[in-house]
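The figures that follow rest on heavy atoms only: side chains count, while hydrogens, waters and symmetry mates do not. Note on naming: letters A, B, ... go to the chains in the order of the sequence lines (proteins, then strands), and numbering restarts at 1 for each one.
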Amino acid sequence: MNEIKNYSVASGEESMQAYWAENETFAVTENESREKFYCLSMFPYPSGQLHMGHVRNFTLGDVISRFQRLKGKNVLHPIGWDAFGLPAENAAIKRNVPPAQWTHSNIEYMQGQMKRLGFSFDWNREFATCDPSYYRWEQWFFTRMFRKGLVYKKAAWVNWDPVDQTVLANEQVIDGKGWRSDAPVERRELSQWFVRITDYAEELLDRLDHMPGWPDKVKTMQRNWIGRSQGVEMTFPMPESPVSDMTGVDVYTTRPDTLLGATYLAVAPQHPLALSAASGKAELQAFLDRCNQTSVAEADMAKLPKEGMFTGLTAKHPLTGTDIPIWVANFVLMEYGSGAVMSVPAHDQRDFEFAQKYGLPIVQVVTPKPGSNDVCDITTEAYVSKNGVVMGSGEYDGLEFDRAFDAISTALERKSLGKRKVNYRLRDWLVSRQRYWGCPIPIIHCDNCGPVPVPDEDLPVTLPENVSIDGSGSPLSKMPDWYNTPCPKCGRPAVRDTDTFDTFMESSWYYARFASADYDDGMLDDRMQYWRNVDHYVGGEEHAILHLLYARFFHKVMRDEGLVGSDEPFEKLLSLGMVLKDGAKMSKSAGDAGDPQVLLDKHGADAVRMAMMFAAPPEQSFEWSEHGVESAEKWLRNRLWSRVQEHLRQGEVPTLEPGKLTEEQKELRRVTHETLAKTEDDYGRRLAFNTVVSAVMSMMGHVSKFEDTSPQGLAVMQEALSAAIVIMSPITPHICHLLWQDLHGKPMEGAIWPEADESAMIASDVELIVQVNGKLRGKVTLAIDASAEDAAKAARASDNVLRFLEDKTIRNVVHVPNRLINFVVG
RNA sequence: GCCCGGGUGGUGAAAUUGGUAGACACGCAAGACUUAAAAUCUUGUCGCCUUUGGGCGGUGCCGGUUCGAGGCCGGCCCCGGGCACCA
């Protein structure tokens with residue numbers, strides 16, 4: 001008889017991790033004869049240490065990967081580092097350490113934490129986006145986009161810190177002031193690189209209808225973000241425009257049916273007409289200056305009270321020729337469309353409020369249809385419905401929305417003052433950043449030749465890493481040795497672009513590079529054809545729009561360049577809720593609050609992983625609490641480990657003979673196979689890992705009560721314990737691999753998920769709920785698939801049910817087979 | 001402000017397609033073991049009422065649809081995420 005082995009979390013987990021590392025258990029190669037599965041967790045920014053949000057993200061990816069391995073798939077589960085970004089520069093300023101050094105030491109520490117958590121990554125494919133061997137191909141791809149005309153330069157507004165002489169990110173602007181200098185920020189216009197994502201707007205939108213593996217929530221957000229609309233672009237002519245090349249005000253509207261109700265135009269404070277009108281007008285100039293002293297973040301602007309001022313200019317109404325006053329309004333955005341809108345206060349709530357505030361006329365031109373229930377009182381609020389009919393608009397009176405839209409659009413087109421247009425809210429992607437710690441933009445500016453892409457053979461343009469950063473200006477623009485270079489075309493002295501890329505560029509294609517991580521002769525190679533697409537992408541819901549839209553866009557451009565053979569990068573998306581700390585998203589500023597290290601040291605990786613999975617379903621946000629970790633460890637030790645060890649002491653276990661079981665043995669087998677069926681569905685389809693854990697806990701409750709040590713009793717027990725180990729192994733891999741070895745005398749790597757045995761799950765009878773008028777009045781046990789008549793008969797046999805049926809007429813009986821019977825009485 | 005989610009016991013949650021609300025845990029309480037404590041085990045645990053059979057109420061708030069609503073519809077309130085330079 002064997003001695004009972006005690007479980008040592010630390011040495012048990014360490015030995016498994018050493019074994020996995022030594023055997024490279026999770027390194028994969030392409031194998032056409034096996035079904036592949038590519039599981040990817042969004043890679044982390046190396047901020048210093050993992051926090052509980054990371055633990056959740058990577059544990060989920062690991063659980064899915066390990067489950068798919070049990071299902072026999074060839075699983076690619078890579079990891080890398082989203083290594084460029086602002087925090088490295090901030091740390092550099094604060095601690096006087098170069099960003100590269102800070103980043104690499106963070107990566108090293110976080111790698112250790114990941115290994116300590118037992119994640120089944122293929123470490124052979126690891127890379128950081130700050131590796132020149134990675135960003136080289138990003139630069140190469142950008143020059144492809146440049147040549148295709150997908151890239152252009154345009155002026156854009158940035159937050160400018162007048163003290164630090166630097167561009168500020170939106171998050172560095174706090175209450176309108178620079179985070180370090182505390183000086184009020186100003187807006188500045190800089191010439192910047194844009195990528196034409198709007199060329200792909202239509203496809204990005206339409207493909208969403210063919211992505212069943214994505215949550216509706218994310219698809220809805222992306223649809224709204226892309227914001228396709230049908231409208232009319234029109235001109236309000238200005239015979240006496242103060243701006244020479246501007247002979248009218250261009251506006252876009254989705255409501256041309258209300259054109260006759262336009263009583264003023266509103267332009268952005270940065271609009272050329274506003275600037276021109278302000279010259280020599282101190283009051284207007286002061287207003288524009290004030291508008292320019294806010295951050296460029298839309299959320300900040302939207303919170304400002306709506307204010308405006310008359311420019312003194314007018315334009316002609318395109319249909320009536322009436323003079324229409326032009327106002328400047330702080331809520332009109334220069335980045336959207338033409339930076340000007342036509343205002344119809346009677347039929348747009350924001351215009352209505354503005355008109356009331358400044359005493360502008362409100363002219364109703366749409367009225368509810370006769371007999372409609374619409375509320376319409378334009379003395380109190382705008383009537384915005386499209387279900388009305390036009391009034392007060394001469395020949396258009398009486399037309400419904402569609403016909404009015406057509407008639408007025410046609411009239412504008414005839415006068416050459418407008419045309420129908422499909423518009424997108426989506427704007428082109430601004431990719432330049434005036435920062436140091438990013439991928440250098442591979443463009444050389446030559447006075448003679450203009451912007452010239454760096455030739456392929458000169459790539460990568462390497463970022464100098466041995467630098468010190470003081471927080472003022474842009475470091476690269478202070479390095480003449482770096483930026484002075486001959487023009488690749490004409491050979492004359494020229495300068496490199498001193499901006500770097502938005503870090504979303506790196507994260508837009510890393511998933512593809514994992515297939516070809518070691519390839520030096522190109523961006524991607526044929527291995528991508530085997531691994532694409534990502535079968536399951538796991539990451540935080542905060543990335544639902546920007547990252548996921550940019551990555552989808554990049555994939556399509558790579559497709560058009562012949563680099564990938566599919567339309568979309570991610571088949572299935574798991575959008576994780578946030579792990580909150582004190583009610584808010586965890587971030588670098590939350591410090592060590594979410595550091596899992598203490599918990600790992602105290603309770604081990606399995607307990608941390610299990611507690612995290614058990615805490616909540618993946619899509620749900622929740623406040624992290626450490627309470628569950630200790631109890632997870634206790635359950636693993638006291639329920640799982642010790643139960644298996646006790647079983648092992650019983651010695652030889654015979655082959656299970658399902659035909660020769662007692663009722664009690666059949667019952668445990670039924671629970672085992674029902675649990676297998678339920679958890680397989682939870683893992684594969686529902687992605688409900690919290691209920692996997694509770695189902696196994698529940699099953700082990702039955703196991704504890706099973707004390708039959710007869711030969712077939714041991715066989716049933718052996719099957720139950722093996723099932724529990726397999727089911728738990730994706731979540732708590734260390735202890736399960738050790739137990740599997742004990743139980744079966746061989747390593748767990750080749751283990752396969754056991755199919756649930758249908759015949760073991762058949763129950764002979766079922767509990768039926770009895771309701772009277774929808775209220776629970778009793779329960780009866782019936783043979784499975786009993787008829788409505790039998791169910792009713794059995795239900796009436798209960799005194800309590802009868803009590804509620806007395807003196808009543810049964811009007812209806814609703815029978816849901818094997819669930820309930822409901823007597824409707826009156 | 002705009003777009004998208006969420007709200008269920010003291011706490012995390014479960015209820016998968018409109019069919020038993022609160023599984024599984026945490027916490028708490030009582031008990032067993034112990035000189036004692038820890039650990040472990042057992043029992044109880046939504047609220048109110050009760051003749052101890054059960055009854056009434058209850059899933060953020062108000063209303064609706066339905067034989068039946070946590071899940072559907074309309075209107076609110078609160079919380080979280082995103083809003084293009086945090087990643």
Heavy-atom donor-acceptor pair, A/Gln172 side-chain to B/rC86 base, under 3.5 Å: no
Report the nucleotide, chosen from [options], that has the shortest atom-to-atom distance to any side-chain atom of [X].
X	options	result
A/Arg803	B/rC85, B/rG55, B/rC3	B/rG55
A/Asn800	B/rA87, B/rG55, B/rC85	B/rG55
A/Leu86	B/rG82, B/rG81, B/rC86	B/rC86

Take atom [atom1] in [X]; do more than 12 heavy atoms of anything else shown fall under 6.0 Å from it?
X	atom1	value
A/Lys219	NZ	yes
A/Lys94	NZ	no
A/Arg796	CZ	no
A/Arg425	CZ	yes

Just checking [X]: base, sugar-phosphate only, or nothing, at a heavy-atom cut-off of under 4.0 Å?
X	value
A/His543	base
A/Leu426	base
A/Thr503	sugar-phosphate
A/Ser432	base
A/Arg777	sugar-phosphate
A/Arg425	base
A/Phe501	nothing
A/Val158	base
A/Phe331	nothing
A/Glu89	nothing

Under the ring pair (Phe, Tyr, Trp, His ring centres under 6.0 Å) test, which residues partner A/Tyr683, sequence neighbours left out? A/Phe67, A/Phe689, A/Trp753
To the nearest angstrom, the CE-P distance between A/Met505 and B/rC86 comes to 17 Å
Counting primed atoms, P, OP1 and OP2 as sugar-phosphate and everything else as base, the B/S/- map of nucleotides 13-33 of chain B against protein heavy atoms under 4.0 Å is SSSB--BB--BBSS-------
With sequence neighbours excluded, what pairs up with A/Arg196 under the salt bridge (charged side-chain N to carboxylate O under 4.0 Å, His left out) test? none
Locate the shortest heavy-atom distance separating A/Glu506 from A/Tyr134; write the atom from each residue and the value. O-OH, 2.7 Å
Mind telling me if B/rG9 is syn or anti? Syn here is a glycosidic angle within 90° of 0. syn
Verify the contact: side-chain N or O of A/Asn638 to OP1 or OP2 of B/rU40, cut-off strictly under 4.0 Å; return yes or no. yes
side-chain N/O A/Lys775 vs B/rG57 OP1/OP2, d < 4.0 Å: yes
Intra- and inter-strand pairs of RNA chain B in dot-bracket (Watson-Crick or G-U wobble, both distances under 3.5 Å; | for another strand): (((((((..(((......[....)))((((((.......))))))((((....))))..(((((..]....))))))))))))....
How about A/Asn818 and A/Asp785: do any of their side-chain heavy atoms sit closer than 4.5 Å? yes
Contact list for residues 680-698 of chain A, test salt bridge (Lys or Arg N to Asp or Glu O under 4.0 Å), sequence neighbours left out: A/Lys71-A/Glu680, A/Lys678-A/Asp682, A/Asp681-A/Arg685, A/Asp682-A/Arg686
Just grab all the side-chain hydrogen bond (donor to acceptor under 3.5 Å, both in side chains) pairs involving residues 82-93 of chain A, residues at least two apart or on different chains. none
